[in-house]
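FYI, the numbering just counts along the sequence from 1. FYI, side chains are in, hydrogens and waters are out, and symmetry mates aren't considered; it's all heavy atoms of this structure. A quick note: this is a predicted structure, and the numbers were derived from the prediction, not measured.
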Amino acid sequence: MKITKIDAFQVAWAPGDKPSQRSAFVRVHTDDGLIGNGEASPMQGGLASLSMIKHDIAPLLIGQDPLDHAVLLDQAIHTLVKLGPEGALTGALAALDIALWDLKGKYTKLPIYKLFGGAWKTAMPFYASIGGNGDRGVDEVLRVVEQRLKDQPAAIKIRFDNNRTTLDTDIPHDIAKARAVRNLVGNSFPLAFDANNCYTTGGAIRVGRALEDLGFWWFEEPVQHYHVKAMGEVARALDITVSAGEQTYTLPALNDLISAGVRMVQPDIVKMGGITGLLRCAALAYAHGVELVPHQTQPMIGHTANLHILAAQLHGTKPAEWNDPSTRTHAIFENPPKPIAGLFHLSEEPGLGLTINEAELTKRRVDI
Ligand code: CA
């Protein structure tokens, strides 16, 4: 089998949307007619990653055997390392890796999790990841949480999404929101708090102590992601589990986070390494006795690829992330992932198990 064409493009979900609101998809075609589908991180519409795929990486892959994906993509990152390597380049390679695993599954007629060695489970609970709570008042936060409880999540995470150029802006109000949500859902419902990097080390420890009293399950990204030692200091100072890693793009960088003291890591399949990369992260986390709970906010290809990893994970300790209702809708998929009674079910179809409606995709694709 040989790669004959690599197609990188945006998908528009609504008429008149901005380029930054679109998804970034890649399709890898082969000489036996199979097509693998992948997705890159859609920051700014994924345009930087799509451009690298089109101009820099596709020429390295055309004519190659897609089953050599790990060698090919390691060659690509080392050839193009000065383009990044973090962010746009790792997002580009992640999209291609997911597409090549989808192809491998279609070629072998097996779901991807079978190729890992099997699934511990194919029905998976999720947590509702609720963004934008920094700008909301306490009552508004409660209304949004009530709305998301209708989806039957196994847990809820409140994200603050504050401006990262200011720190510790209103700690008492942040704690008041956490307390109000705790009162709303009752003492036994699992909750998480995502600071989105907006505290100082001291501020984070103060908030973390309050979250411990409120019985929160984990405290995410308390300080700036690039302050790896400070992230570790907060993690070591607190009893609550501190998590980080969604802005970590390489395996050595993830190792640095673990060495600093972080005991729950959250790399993202569409930002770094794709399926191959996340499997390596899982091995690293397992070797250190650290929890791997991937970050994932794309509702279709990224989410499904992530579920394959979670299905095959030995110690899956937390539910899968499921983001706010997305403008990146289900429109181009015949069998989009949707939770049923609080669970996502993986299909037994080959590859990712997603079927694309080609006519709908043609209507919505935007060439770069
Ligand atoms: Ca987060």
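Taking both residues in full, the closest heavy atoms of Lys177 and Gly137 are given as CE-C, 4.5 Å, listed atom of the first, atom of the second, then distance. Closest approach of Ile130 to Asp324, counting heavy atoms only: CA-OD1, 3.2 Å. Heavy-atom minimum distance, Leu310 versus Ala320: CD1-CB, 3.4 Å. Among all heavy-atom pairs drawn from Glu39 and Gly302, the shortest one is OE1-N, 2.8 Å. In terms of heavy-atom proximity, Leu89 sits nearest to Ile57 at CD1-CD1, 4.1 Å. Gly91 and Ala40 make their closest contact through O-CB, 3.5 Å (heavy atoms, listed as atom of the first residue, atom of the second, distance).
Here the side chain of Asp65 pairs no donor or acceptor atom with the backbone of Lys2 at under 3.5 angstrom. Checking side-chain atoms of His308 against main-chain N and O of Tyr113 turns up a donor-acceptor pair under 3.5 Å. In terms of modelled atom types and a separation under 3.5 Å, the side chain of His225 and the main chain of Thr248 share no donor-acceptor contact. Judged by distance alone, with hydrogens and angles left aside, the side-chain atoms of Arg182 form a donor-acceptor pair with the main-chain N or O of Gly215 at under 3.5 Å. Of the possible polar contacts, none joining the Ser51 side chain to the Ala48 backbone as a donor-acceptor pair under 3.5 Å is found. Judged purely by atom type and a 3.5 angstrom limit, Asp97 has no side-chain atom pairing as donor or acceptor with the backbone of Gly274. Checked by atom type and distance alone, the side chain of Asp102 pairs as donor or acceptor with a backbone atom of Asn37 at under 3.5 Å. In this structure, the side chain of Lys157 does not engage the main chain of Ala128 through any donor-acceptor pair within 3.5 Å. Side-chain atoms of Thr304 do not come within 3.5 Å of backbone N or O of Leu352 as any donor-acceptor pair.
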Worksheet entry | From CA spacing to verdict: side chain to side chain contact (heavy atoms under 4.5 Å, CB included), Asn183, Leu142 | CA-CA 10 Å; Asn183 290 337; Leu142 294 181; over 6 Å; no

- Query: Step by step, would you call Asp367 with Arg365 a salt bridge (charged side-chain N to carboxylate O under 4.0 Å, His left out)?
  - Reply: CA-CA 6 Å; Asp367 290 319; Arg365 71 171 278 156; 2.5 Å; yes

Can you check salt bridge (charged side-chain N to carboxylate O under 4.0 Å, His left out) on Arg143 and Asp139, steps first, answer last?
CA-CA 6 Å; Arg143 275 202 297 278; Asp139 289 343; 5.6 Å; no

Kindly indicate, with the supporting measurements, whether the criterion side chain to side chain donor-acceptor pair (under 3.5 Å) is fulfilled by Asp31 and Thr4.
CA-CA 6 Å; Asp31 57 358; Thr4 52; over 6 Å; no

| request: May I have the step-by-step check of salt bridge (charged side-chain N to carboxylate O under 4.0 Å, His left out) for Arg364 and Glu360, ending in yes or no? | output: CA-CA 6 Å; Arg364 290 171 180 271; Glu360 194 62 35; 2.8 Å; yes

request  = Tell me, with the steps shown, if Glu321 and Ser129 meet side chain to side chain donor-acceptor pair (under 3.5 Å).
outcome  = CA-CA 6 Å; Glu321 181 163 19; Ser129 179; 2.6 Å; yes

Would Trp101 and Phe116 count as a ring-ring contact (aromatic ring centres under 6.0 Å, His included) here? Give the steps. CA-CA 11 Å; Trp101 272 97; Phe116 300 157; 5.2 Å; yes

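Dense packing is recorded around CG of Asp74, with more than 12 heavy atoms of other residues, nucleotides or ligands lying under 6.0 Å away. Residue Asn187 places its CG atom among 12 or fewer non-hydrogen atoms of other residues, nucleotides or ligands, all under 6.0 Å distant. More than 12 heavy atoms of other residues, nucleotides or ligands sit less than 6.0 Å from atom NZ of Lys121.
Residue pairs satisfying the ring-ring contact (aromatic ring centres under 6.0 Å, His included) criterion with at least one member in residues 346-368, sequence neighbours excluded, are absent. Annotation: ring-ring contact (aromatic ring centres under 6.0 Å, His included) contacts involving residues 149-190, sequence neighbours excluded, comprise Phe160-Phe193. Sorted by first and then second residue, the salt bridge (Lys or Arg N to Asp or Glu O under 4.0 Å) pairs involving residues 76-96 (not counting sequence neighbours) form an empty list. Listed by first and then second residue, the ring-ring contact (aromatic ring centres under 6.0 Å, His included) pairs involving residues 14-47 amount to none (not counting sequence neighbours). Residue pairs meeting the side-chain hydrogen bond (donor to acceptor under 3.5 Å, both in side chains) criterion with at least one partner in residues 249-259, sequence neighbours excluded, are Asn255-His288.
Using a 4.5 Å heavy-atom threshold, the side chains of Thr166 and Asn162 count as separate. The side-chain heavy atoms of Leu354 and Asn335, taken from C-beta on, include a pair separated by under 4.5 Å. Counting heavy atoms from C-beta on, the side chains of Leu47 and Gln10 come closer than 4.5 Å. The shortest side-chain heavy-atom distance between Val26 and Asp7 does not fall under the 4.5 Å cut-off. Counting heavy atoms from C-beta outward, Val185 and Leu191 have side chains that approach closer than 4.5 Å. In this structure, Ile269 and Pro294 have side chains that are not in contact, with every pair of non-hydrogen atoms separated by 4.5 Å or more. Looking only at side-chain heavy atoms (C-beta outward), Asn357 and Phe333 stay at 4.5 Å or farther from each other. Two residues are said to be in side-chain contact when any heavy atoms from C-beta on lie closer than 4.5 Å; Val265 and Glu291 fail this criterion.
Take Asn323 and apply the side chain to side chain donor-acceptor pair (under 3.5 Å) test, not counting sequence neighbours, and it matches Arg159. Glu140 pairs by the salt bridge (charged side-chain N to carboxylate O under 4.0 Å, His left out) definition with nothing, not counting sequence neighbours. Asp151 meets the salt bridge (charged side-chain N to carboxylate O under 4.0 Å, His left out) test with Arg148; sequence neighbours excluded. Listed by chain and residue number, Asp17, Arg22, Val366 satisfy the side-chain contact (heavy atoms from CB on, under 4.5 Å) test with Ala12 (two or more places apart in sequence, or in another chain). By the side chain to side chain donor-acceptor pair (under 3.5 Å) test, Lys54 is found to be paired with no residue, residues two or more places apart in sequence or in another chain being considered. For the salt bridge (charged side-chain N to carboxylate O under 4.0 Å, His left out) test, no residue two or more places apart in sequence or in another chain qualifies with Glu221.
Between Arg209 and Glu212 there is a salt bridge, since a side-chain N of the basic residue sits under 4.0 Å from a carboxylate O of the acidic one. Between Glu358 and Arg27 a salt bridge is recorded (basic side-chain N to carboxylate O distance below 4.0 Å). Residues Glu246 and Lys271 are not paired through a salt bridge, judged by the lack of any N-O separation under 4.0 Å between the basic side chain and the carboxylate.
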Distance-only donor-acceptor hits, side chain of residues 199-206, under 3.5 Å, sequence neighbours excluded:
{"from": "Tyr199", "atom 1": "OH", "to": "Asp174", "atom 2": "OD2", "distance (Å)": "2.7"}
{"from": "Thr200", "atom 1": "OG1", "to": "Asp168", "atom 2": "OD2", "distance (Å)": "2.6"}
{"from": "Thr200", "atom 1": "OG1", "to": "Gly203", "atom 2": "N", "distance (Å)": "2.9"}

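A donor-acceptor pair shorter than 3.5 Å cannot be found between the side chains of Ser20 and Gln44.
Of the residues His295, Gln298, Gln247, the one that meets the side-chain hydrogen bond (donor to acceptor under 3.5 Å, both in side chains) test with Asp268 is His295.
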